[in-house]
Asks: 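My structure is below; once you've seen it, I'll send some questions.
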Amino acid sequence: MTKLSVNINKIATLRNSRGGNVPNLLKVAADIESFGAEGITIHPRPDERHIRYQDARDLVSVVKTEYNIEGNPIKSFIDLVLETKPTQVTLVPDAVDAITSNAGWNTIEHQSFLKEVIQEFQQNNIRTSIFIDTDLKLIEAAAKTGTDRIELYTEEFATQFDLGNKEAIKPYTEAAILANKLGLGINAGHDLSLENIKFFKENIPNLAEVSIGHALIAESLYLGLENVVNMYLHRLK
C-alpha cells in the first residue's frame with residue numbers, strides 16, 4: 001500500500017495572500033488526515049512565503065499520521081527539523097529563490113555533506129529521504145550516504161505523460177528496481193495528479209509514499225466547487 005502524504009503549502013499560500021488565519025492551516029491539516037490521508041508534508045523556505053517556520057512548530061501537536069518536512073538543509077532548516085523532530089525529513093537542493101523544486105541532488109558531488117546531515121537527523125530518530133533524479137549512478141551514490149529513502153523527482157514523467165508518452169515511466173521503473181536492490185525505500189513527488197498517479201504506482205515496485213500538493217489542491221477546487229456553490233444557494237433560499 002502506497003501512502004499519500006498531502007503537501008499543504010498551497011493552503012499557506014492562500015492564507016498569506018489575505019493575511020489573518022483563513023484558511024486555518026492547522027485545521028486543514030487535521031481535516032485532511034480525517035479524510036484518510038496518511039501523512040502531511042510541508043516545505044518551508046527561508047523567506048516563509050507560504051509555510052512559516054512557526055507553522056512547522058505548530059503542526060507537531062496536530063499531525064497524528066506521518067509528518068514530513070522538506071527543504072534545503074541550510075542551518076535554519078536543520079535547526080527547525082531537529083527542534084520539531086518530524087517522522088521524515090526530505091532533503092531538497094532548491095535555491096533560496098526557487099519558485100518550486102526543480103532538480104534532485106547530485107549525490108556524488110555532495111556525498112560527504114549529505115552523509116553528515118543524514119547522520120545528524122538519524123541520530124535524532126528522524127527518517128531521511130533524498131530528492132533525486134533517475135540517474136542510476138546518483139541512486140547508487142545516494143545509497144552510500146546512509147539515507148533511508150529516496151524521493152523520485154517526477155516532473156519529467158508527468159510532463160511526458162500529459163503528452164501521451166507513457167514510455168517516460170521507464171527510467172523511473174529502472175531507478176526503483178535499483179533502489180530496491182540497494183535497500184532504499186522509495187518515495188515520489190512533483191506534478192503527480194489524478195491523471196497519472198495510478199499508472200505511476202503500477203509501474204514503480206514497492207512505492208512507499210507519494211507527496212502531492214499543487215495538483216491535489218487544484219483538483220479539489222473543481223471537484224469540491226459544485227458542492228460549495230450549492231451549499232451557498234441552499235442557505236440563500
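Being a predicted model, the structure only gives us computed values, none of them experimental. One-based numbering along the sequence shown.
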Asks: Which donor-acceptor pairs under 3.5 Å do the side chains of residues 173-189 make with protein atoms, sequence neighbours left out?
Replies:
residue: Thr173; atom: OG1; partner: Ile169; partner atom: O; Å: 3.3
residue: Thr173; atom: OG1; partner: Asn203; partner atom: O; Å: 2.8
residue: Asn180; atom: OD1; partner: Asn206; partner atom: ND2; Å: 3.4
residue: Asn180; atom: ND2; partner: Ala176; partner atom: O; Å: 3.1
residue: Asn180; atom: ND2; partner: Pro205; partner atom: O; Å: 3.2
residue: Asn187; atom: OD1; partner: Arg149; partner atom: NH1; Å: 3.0
residue: Asn187; atom: ND2; partner: Gln88; partner atom: OE1; Å: 3.2

Asks: Hey, what do you get for CD (Glu219) to CD (Glu195), rounding to the nearest 0.5 Å?
Replies: 7.5 Å
Asks: Give, for atom CG of Asn16 and atom CZ of Arg52, the distance between the pair rounded to the nearest 0.5 Å.
Replies: 4.0 Å
Asks: Look at Asp47 together with Arg49 and state whether they make a salt bridge at an N to O cut-off of under 4.0 Å.
Replies: yes
Asks: Within a 6.0 Å radius of atom NZ on Lys85, are there more than 12 heavy atoms belonging to other residues, nucleotides or ligands?
Replies: yes
Asks: To the nearest 0.5 Å, what is the distance between CD1 (Ile217) and CD1 (Ile8)?
Replies: 9.0 Å
Asks: Do Leu26 and Ile32 sit in one hydrophobic cluster, given that two such residues count as connected whenever their side-chain heavy atoms are within less than 4.5 Å of each other, even indirectly?
Replies: yes
Asks: For Leu59 and Ala29, work out which heavy atoms get closest and say how close.
Replies: CD2-CB, 3.7 Å
Asks: Spell out, as yes or no, whether a donor-acceptor pair under 3.5 Å connects the side chain of Glu33 to the backbone of Ile40.
Replies: no
Asks: Can you check whether Glu167's main-chain N or O pairs, donor with acceptor, with Gln160's side chain at less than 3.5 Å?
Replies: no
Asks: For Lys144, look at atom NZ and say whether over 12 heavy atoms of other residues, nucleotides or ligands are found less than 6.0 Å away.
Replies: no
Asks: How long is the gap from CD1 on Ile130 to OG1 on Thr128, to the nearest 0.5 Å?
Replies: 6.5 Å
Asks: Would you say Thr41 and Asn7 are linked by a side-chain donor-acceptor pair, where the criterion is simply a distance under 3.5 Å?
Replies: no
Asks: Restricting to non-hydrogen atoms, name the atom on Val28 and the atom on Pro23 that form the minimum distance, rounded to 0.1 Å.
Replies: CG2-CB, 4.2 Å
Asks: What is the ring orientation for Phe161 with Phe199, classed by angle as parallel under 30°, tilted 30 to 60°, or perpendicular over 60°?
Replies: tilted
Asks: Should Asn21 and Arg15 be marked as a side-chain contact (heavy atoms from CB on, under 4.5 Å) after you check the CA-CA gap, both sets of side-chain angles, and the distance that decides it?
Replies: CA-CA 6 Å; Asn21 196 35; Arg15 174 199 63 188; 3.7 Å; yes
Asks: Answer with yes or no whether the side chains of Asp191 and Thr159 bring together a donor and an acceptor at under 3.5 Å.
Replies: no
Asks: Applying side-chain contact (heavy atoms from CB on, under 4.5 Å) between Tyr172 and each of Leu207, Asp133, Ile204, report the one that passes.
Replies: Ile204
Asks: Which heavy-atom pair separates Ser76 from Tyr53 by the least distance, and what is that distance?
Replies: OG-OH, 3.1 Å
Asks: Roughly how far apart are Leu91 CG and Phe121 CZ, rounded to 0.5 Å?
Replies: 6.0 Å
Asks: For the pair Tyr67 and Val60, evaluate side-chain contact (heavy atoms from CB on, under 4.5 Å) and give the outcome as yes or no after the intermediate values.
Replies: CA-CA 8 Å; Tyr67 187 19; Val60 171; 4.0 Å; yes
Asks: Considering non-hydrogen atoms only, spot the tightest contact between Asn9 and His50 and give its length.
Replies: ND2-CE1, 3.1 Å
Asks: Do other residues, nucleotides or ligands put more than 12 heavy atoms under 6.0 Å from Glu38 CD?
Replies: yes
Asks: Quick one: are Ile126 and Val81 in side-chain contact, heavy atoms under 4.5 Å?
Replies: yes
Asks: Restricting to non-hydrogen atoms, name the atom on Lys201 and the atom on Thr2 that form the minimum distance, rounded to 0.1 Å.
Replies: NZ-OG1, 3.0 Å
Asks: CG/Leu114 to CG/Asn106 distance, rounded to the nearest 0.5 angstrom?
Replies: 9.5 Å
Asks: Can you tell if the side chain of Pro44 reaches within under 4.5 Å of the side chain of Asp55, non-hydrogen atoms only?
Replies: no
Asks: With sequence neighbours left out, which residue pairs that include part of residues 105-127 fulfil the salt bridge (charged side-chain N to carboxylate O under 4.0 Å, His left out) condition?
Replies: Glu66-Arg127, Arg127-Glu209
Asks: Mind checking ring-ring contact (aromatic ring centres under 6.0 Å, His included) for His110 and listing every partner two or more places apart, or none if nothing turns up?
Replies: Trp105
Asks: With side-chain contact (heavy atoms from CB on, under 4.5 Å) as the test, would you mind laying out the steps for Val62 and Lys27 before giving the verdict?
Replies: CA-CA 8 Å; Val62 173; Lys27 184 176 187 307; over 6 Å; no
Asks: Aromatic rings His190 and Phe131: how do their planes relate, parallel, tilted or perpendicular, breaks at 30° and 60°?
Replies: tilted
Asks: Check whether Gln122 reaches the backbone of Gly146 with its side chain - one donor and one acceptor, N or O, closer than 3.5 Å.
Replies: yes
Asks: Ile69 vs Ile51, test: side-chain contact (heavy atoms from CB on, under 4.5 Å). Steps then yes/no.
Replies: CA-CA 11 Å; Ile69 300 182; Ile51 291 291; over 6 Å; no
Asks: Does the side chain of Thr87 reach to within under 4.5 Å of the side chain of Val63, using non-hydrogen atoms?
Replies: no
Asks: Any side-chain heavy-atom pair from Thr90 and His43 closer than 4.5 angstrom?
Replies: no
Asks: Between Ser5 and Ser211, is any side-chain donor less than 3.5 angstrom from a side-chain acceptor?
Replies: no
Asks: Indicate the atoms forming the closest heavy-atom contact of Ser193 with Ala215, along with that distance.
Replies: CB-CB, 3.8 Å
